[in-house]
Amino acid sequence: MNDPKFRLAARSGEGKFYLETYGCQMNQNDSEVVAAVMQESGFEYAASPDEADVVLINTCAIRDNAEQRIWGRLAEFRGLKRRRPGLLVGIIGCMAERLKDRLIEREHIVDIVVGPDGYRSLPELVRQAASGTKAVNVLLSREETYAEISPVRLDRNGVTAFVSIMRGCNNMCAYCVVPYTRGVERSRDPETILAEVRDLFERGYREVTLLGQNVNSYRYGEVNFAQLLARVAEVSPLLRVRFSTSHPKDLSDELIDTIAEWPNICRAIHLPAQSGSSRMLELMNRKYTREWYLDRIAAIRRRLPECSISTDLIAGFCTETDEDHVSTLSLMREVGYEFAYMFKYSERPGTKAQRTMADDVAEEVKTARLTEIINLQNELSLASNRRDVGRHFEVLIEGTSKRSTDEVYGRTSQNKVVVLPKMNYLPGDYVHVLITDCSSATLIGTPLC
Ligand code: 5AD
Ligand code: SF4
């Protein structure tokens, strides 16, 4: 059954790996770490599964539909493996951590299962699987931050990059599987972060996004997040700095002041509210109230009047009433979000909500509430974009527009996408742009020369 050629290639470390990524920015960055670990160990990157000896799928477990997509994808790989029995299939990341060896039991084509803290062992496990023994490493770590590994920037535009500054999460929001899949919070040594950022800047990158489940609780020795942010901003005034995600309970005035001090720290804050109802927030174990959240928004508005604010919202969490839902809509209006990620509540096994609360909002009600939330957000995004028409912004060019090769696109400091005529602009250029038109998703601009 086994194709000896492929097995041998992977065993000697000369095989090719194909890598597919689902889920959040953190996962995308993890794939870049995985690519670095694999290449370092002699494996070569393959652009398609057809060329690969091992296919790695970096998975997400945050909602059931994320996992369903991956089951669907695995079914497709079953056909490929039938044609090429020597092909190895690895499931890595959050779903690997959640399901552990049950993945191998349920899905016979899976040869390797590795959780988010086990990536250094991947080459060895691929070789083990190549010699015929299925391989699993789902140990979570208290220390692993992949601090000194230089991520291989896959599919990036050469301008913007993610830099992971911490891993794991200690918050225990009642609905969330992340503390179980990514383990406890740990911060990465700031010197390794700064070295990575300087290297990116020297290679032509002009924007970094500092990543963590809750960047506001970053702490390494004496260095807190506001201090880290200032040190990263200091690398160059030509380097834009973003960060994600902030937890409202930890968004300090010191952080807002630091953003205000540095023009190259972007005027965009992602502040997941999840709900506008204090009763829901309590049940969700978010550790803040609607009033606290609005106070943080007011603090941002006072110091950073030009800052955009985006959020995450969940519709239909356990026991949510129409009144709670209306509170979410009114919070959205009150803040006037520029952008939102909006979800239906999806019960996740092992979470506090699954263990202690009933998932009792009917599916049709969840759908109806989510639709209302999405419709309102479209209105708010359009209104915010309309306010920008006639204003000018500095835009960092990222690449050629998907709509037309005569146009390029980039982003404002506020993280809004702007499309403008190509002229001679190259990715990485800063251009002053007058906004002339918009849709709810995009600004249209013309260069100010
Ligand atoms: N169901 C729906 N949405 C969820 N999120 C996290 N867990 C769940 C869940 N069980 C959302 C939250 C979080 C974002 C990353 O995903 O809004 O901020
Ligand atoms: Fe990212 Fe959470 Fe999905 Fe893991 S479960 S990939 S942390 S969104």
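Keep in mind the model is a prediction, meaning the values are calculated, not measured.
Not counting sequence neighbours, Y175 has no partner by the ring pair (Phe, Tyr, Trp, His ring centres under 6.0 Å) test. Partners of F243 according to the ring pair (Phe, Tyr, Trp, His ring centres under 6.0 Å) rule, which considers only residues two or more places apart in sequence or in another chain, are F225. When the side-chain hydrogen bond (donor to acceptor under 3.5 Å, both in side chains) test is applied to Q227, no partner is found at least two apart in sequence or on another chain. Partners of Y218 according to the side-chain hydrogen bond (donor to acceptor under 3.5 Å, both in side chains) rule, which considers only residues two or more places apart in sequence or in another chain, do not exist here. Listed by chain and residue number, nothing satisfies the salt bridge (charged side-chain N to carboxylate O under 4.0 Å, His left out) test with E254 (two or more places apart in sequence, or in another chain). Among residues two or more places apart in sequence or in another chain, the ring pair (Phe, Tyr, Trp, His ring centres under 6.0 Å) test is passed with Y341 by H270, F339. Taking the salt bridge (charged side-chain N to carboxylate O under 4.0 Å, His left out) definition, one finds that R391 meets it with D388, sequence neighbours left out. The salt bridge (charged side-chain N to carboxylate O under 4.0 Å, His left out) test applied to R303 returns D257, not counting sequence neighbours. Judged as a salt bridge (charged side-chain N to carboxylate O under 4.0 Å, His left out), and not counting sequence neighbours, E347 has no contacts. Under the side-chain hydrogen bond (donor to acceptor under 3.5 Å, both in side chains) criterion, R120 pairs with E144, E148, not counting sequence neighbours. By the side-chain hydrogen bond (donor to acceptor under 3.5 Å, both in side chains) test, R82 pairs with no residue at all, sequence neighbours left out.
Sequence neighbours left out, the pairs with a member in residues 262-288 that pass salt bridge (charged side-chain N to carboxylate O under 4.0 Å, His left out) are R267-E306, R279-D324.
Side chains of S346 and D64: no donor on one and acceptor on the other come within 3.5 Å. The closest side-chain donor-acceptor pair between K416 and T442, if any, does not fall under 3.5 angstrom. In the model, R355 has no side-chain atom that pairs as donor or acceptor with a side-chain atom of T351 under 3.5 Å. At a cut-off of 3.5 Å, with distance as the only test, a side-chain donor of S384 or E338 sits close to an acceptor on the other residue. If you check the side chains of T160 and N157, you find a donor sitting under 3.5 Å from an acceptor.
A salt bridge between E196 and R188 is present, with a side-chain N of the basic residue lying under 4.0 Å from a carboxylate O of the acidic one. Remark: E143 does not engage R186 in a salt bridge, criterion side-chain N to carboxylate O under 4.0 Å. Between D117 and R167 there is a salt bridge, since a side-chain N of the basic residue sits under 4.0 Å from a carboxylate O of the acidic one. With salt bridges taken as basic N to acidic carboxylate O contacts below 4.0 Å, one links R73 and E76. Looking at E67 and R98, a side-chain N of the basic residue comes within less than 4.0 Å of a carboxylate O on the acidic one, giving a salt bridge.
For the atom pair L74 CG and L103 CG, the distance stands at 7.5 Å (nearest 0.5 Å).
Classification of the Y345-F317 ring pair by plane angle, with boundaries at 30° and 60°, yields perpendicular.
Within 6.0 Å of the CD atom in E291, the count of heavy atoms belonging to other residues, nucleotides or ligands exceeds 12.
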